[in-house]
Amino acid sequence: ASLDGAGRVSPTVTVVFCCRPVCCCCDRVCCCACRGPRSALAVLRPGLAVSELAVSPLPGAPTAVFTLRAQPGDEQDGFIVVSFSNATLVFEIGEEVKETSSSGFLATVATLHTQLLEDGSSLQVHAGGLRHIRTDRRINEWRAPGRRAITRAATNSRQVVIALSGGELVYFEMDQLGQLLELAKRDMDGDVACLDIAPVLAGALRCRFLAVGGYDNTVRMLSLEDGTQLRPVATQAVNAVPESLLMLHGHAAEEPGSGDAGLFLHVGLSNGVLQRTEVDRITGKLSDTRQRFLGTRAPRLFAVWVRGVRSLLALSSRPWLGYTDMGRWQFMPLSYEALDHAASFASEQCPEGFVAVVKNTLRILSVENIGETFNQSVSRLRYTPRRLLVHQELRALLVAESDYQAVPLADNAELQKRLVDESGAPVAGPEFSAELAAELDQYGAAVGAPGQWASCIRIVDPAELSTKAVLELDGSEAITSMALVRFEGPNLPDSSLLLAVGTAEQMTYFPTSCTAGYIRLYKILERGARLELLHKTQLEGIPGALVAFKGRLLAGVGPVLRLFELGRKKLLRKCEYRQLPQHVAQLHTLGSRIYVADVQESVHFFRYNKADNKLYSFADDVHPRYITAMTPLDYDTVAAGDKFGNFFVLRLPADVSAQIEEDPTGGKLAAQMGKLGGAPHKLDNSVQFHVGDTITALARATMQPGGSEVLLYGTIMGGIGAFFPFQAKEVRGARQAGKQAVHHLRRLR
């Protein structure tokens, strides 16, 4: 996607676009955009950006964190309560956050729950009982009977429900004098796993229902109305133990406080699934259950405020935020590390945030740009990005940059004198100096002679978007292709991944030509901190594509498909295929098959016969297509895009695929039976879709754990999109029925 001056994605024209998942978790999209000194590398991550406002160390690992306001009508929190295994700390929020001992809270026990009640008094729930701190500083206590202890608690401004060990529920409600009265008890025939009660709506005396989760894999709704306290009204079986519950009233985000628009019960299960169920406001019946997998940890649910509406914060292997946007429920991940506990937080500097605990640190966090699908981090580049690779072993990005009629950094003496940052320290390039980068953005870079190129290879840490190494190429060479390859052979002592870079010296367009082509082999040293050139192999054409293939390097040199082995002083040519139409633009391999995209003549399927040491073409497309991007979907299928904005999927028929695999000649016989001057078999066009913009990148990705795989694409106008494949037969049948219905209506007209 292209980037504007503020570093945000904007639909402006870009010259090159590359996108690809960056890690094995496949939760990021890395893309290169823009051209010249305005070029940038952006890492897009689905979810909302989170900013840290404060980070403070704690004397131990907390078990919970809570926030309290000083008075019911306050808009800002007055206290932060941090609970440990055997103690409780209370911090007062003012001009600075400091510990206080005048809150009335018992500091020698672990706090299970806190609540600011309707009359301004505070409630502390601990294993030994309830501690009610009145506004006049009087303290009322209720102690757990016998040797039993409180294990769970749920409260709102007027109601308190606790669960004792053994599974007994005790219900309290505030009277007109501000006292908590015990109104009902109920034995649940088993320990209670979790509890929750919704807030009291304006004009109401109480919340009508209590949600109880049990270790028997059930969630029960109990009535809290007069005369029917703690009577079951609904039961729902779930597929795992419920670990956390949260009930939310539905409100329109644009009109907070506009009235109740539904009640929803959220259940965090021990298998990492979040379940959302609608609760009938009259009867308490449960319906319309929906599920979503959040991560490997059981989700812990907390109430936070988003745009003045009580919302959901779910903490699993990564945090998630559920909120209402434009009248629709949205559930987005947060781009932050896993949190242990959290609570809503409001102050002058942070009106809507949350305080969280991570190990032994207390953090105050704020969510930015609510409503956006992606958040991004941006790093400047020196030249126009041409290729982007992911080194999975080093967890690093490799970026190839080249600019036409640009002066290389080594030849620009005036620019080298000014390579310092704000502190006066020398830097490796103009992209590391904010002043120089702003000047180049405004006035552009120095213009070189016709046919002159400036190129460099960059290694970037995607976690911090910091450059680990930059290597400028000598000579006037443009980088045209790049691949990571692991050579195999009996005489190769080192089997590490090598970086193969295809370059063209003094390359020009209209017509496309060069004085010489090269394949450079680099060794990546010191965990990506240095690149060492092994050797340089000269070619007769432009190396348009490179890919690793069975311990060798497969290269597309103009219209020639060529296979190389690693030699001591250069690459050794093993075999080649010279009958491709125009120019090899893309190369991919899967198993023993090779997928070749020609710049004008669509896609070709190849097979390598090791016995004959030859490459055979056994299938191609019947239509000439100007391919700009391609990726294999499975052994018989590829997806591609052309420069006219068409996206299509080409598939080899199943019977033909079986015939090719069973061919004892390894494809030699089939290659001699070509049709229409091409391969003997033709590919079927399974999908055709007009995007309306030239597709410049395609990549398969899973954007979240447990999610379905999608096909990401990027366009030359700076757009990112995704194609979602239909997998169920019912969906395909419904789509076909819809097409037939439309066709029938057209005939009736």
Side-chain angles (χ1 to χ4, degrees), residues 16 384 386-387 389 400-405 450-455 457 473-485 498-522 533-549 552-567 569-589 594-606 608 613-617 620 624-630 643 677-678:
V16 63
T384 302
R386 304 289 174 174
R387 292 293 184 270
L389 290 180
E401 308 170 33
S402 294
D403 263 338
Y404 179 65
Q405 274 192 297
Q452 185 179 19
W453 287 82
S455 303
I457 304 170
L473 270 61
D474 54 347
S476 180
E477 297 182 23
I479 299 179
T480 57
S481 55
M482 189 167 63
L484 289 168
V485 56
L498 300 179
L499 177 63
V501 181
T503 64
E505 186 177 5
Q506 294 184 353
M507 185 175 67
T508 58
Y509 299 102
F510 306 110
T512 303
S513 62
C514 66
T515 57
Y518 301 95
I519 296 180
R520 296 168 172 252
L521 273 186
Y522 290 94
L533 179 64
L534 291 182
H535 53 63
K536 183 177 175 180
T537 305
Q538 185 172 348
L539 308 170
E540 73 280 3
I542 299 175
L546 300 174
V547 69
F549 179 67
R552 298 177 177 181
L553 179 64
L554 190 64
V557 184
V560 179
L561 188 62
R562 189 171 294 166
L563 191 61
F564 290 97
E565 275 189 353
L566 180 64
K569 296 185 178 180
K570 66 175 184 179
L571 293 173
L572 305 178
R573 184 187 309 179
K574 303 305 294 182
C575 69
E576 63 182 23
Y577 183 88
R578 289 184 163 270
Q579 299 178 19
L580 284 168
Q582 296 293 334
H583 178 81
V584 177
Q586 298 266 333
L587 277 177
H588 292 278
T589 62
I594 303 168
Y595 310 95
V596 181
D598 188 85
V599 73
Q600 292 184 10
E601 295 294 335
S602 195
V603 179
H604 303 256
F605 281 28
F606 279 80
Y608 174 66
N613 193 29
K614 288 186 178 180
L615 295 165
Y616 296 108
S617 173
D620 59 11
R625 303 179 191 267
Y626 289 68
I627 304 295
T628 56
M630 180 185 69
K643 72 175 186 179

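All residue numbers refer to positions in the sequence shown, counting from 1. Being a predicted model, the structure only gives us computed values, none of them experimental.
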Ignoring hydrogens and angles, tell me if any N or O in the side chain of [X] forms a donor-acceptor pair with the backbone of [Y] under 3.5 Å.
X	Y	answer
T508	G451	no
T515	E505	yes
S476	W453	yes
D403	A454	no
R562	G556	no
H588	M630	yes

Euclidean distance, [Y] [atom2] relative to [X] [atom1], rounded to 0.5 Å:
X	Y	atom1	atom2	value
I519	L553	CD1	CG	5.5 Å
L561	D598	CG	CG	11.0 Å
R386	M482	CZ	CE	12.5 Å
L587	S481	CG	OG	9.0 Å
C575	R552	SG	CZ	7.0 Å
K536	L571	NZ	CG	13.0 Å

Is the distance between the ring centroids of F606 and Y616 under 6.0 Å?
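No, the ring of Y616 stays outside the 6.0 Å limit from the ring of F606, centre to centre.
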Indicate the atoms forming the closest heavy-atom contact of [X] with [Y], along with that distance.
X	Y	answer
A585	I627	CB-O, 4.3 Å
H604	E601	NE2-O, 3.1 Å
M507	C514	CA-CB, 4.0 Å
I479	S402	N-OG, 2.9 Å
A555	L546	CB-CD2, 3.4 Å

Any side-chain heavy-atom pair of [X] and [Y] under 4.5 Å:
X	Y	value
L572	L566	no
E576	L563	no
F605	S617	no
L499	L484	yes
P450	Y404	yes

Could you go step by step and tell me if Y522 and V501 meet the side-chain contact (heavy atoms from CB on, under 4.5 Å) rule?
CA-CA 8 Å; Y522 290 94; V501 181; 4.0 Å; yes
Within 6.0 Å of NZ in K570, more than 12 heavy atoms from elsewhere
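Counting neighbours around NZ of K570, 12 or fewer heavy atoms of other residues, nucleotides or ligands fall under 6.0 Å, so no.
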E477-Y518 side chain donor-acceptor pair, cut-off 3.5 Å:
no
Working note: L580 + V560, criterion side-chain contact (heavy atoms from CB on, under 4.5 Å); need CA distance, chi angles, decisive distance, verdict.
CA-CA 6 Å; L580 284 168; V560 179; over 6 Å; no
Start with the C-alpha distance between N613 and Y608, add both sets of side-chain angles, then the distance that settles side-chain contact (heavy atoms from CB on, under 4.5 Å), and finish with yes or no.
CA-CA 7 Å; N613 193 29; Y608 174 66; 2.6 Å; yes
Is there a side-chain contact (heavy atoms from CB on, under 4.5 Å) between T628 and V599? Walk through the geometry before answering.
CA-CA 7 Å; T628 56; V599 73; over 6 Å; no
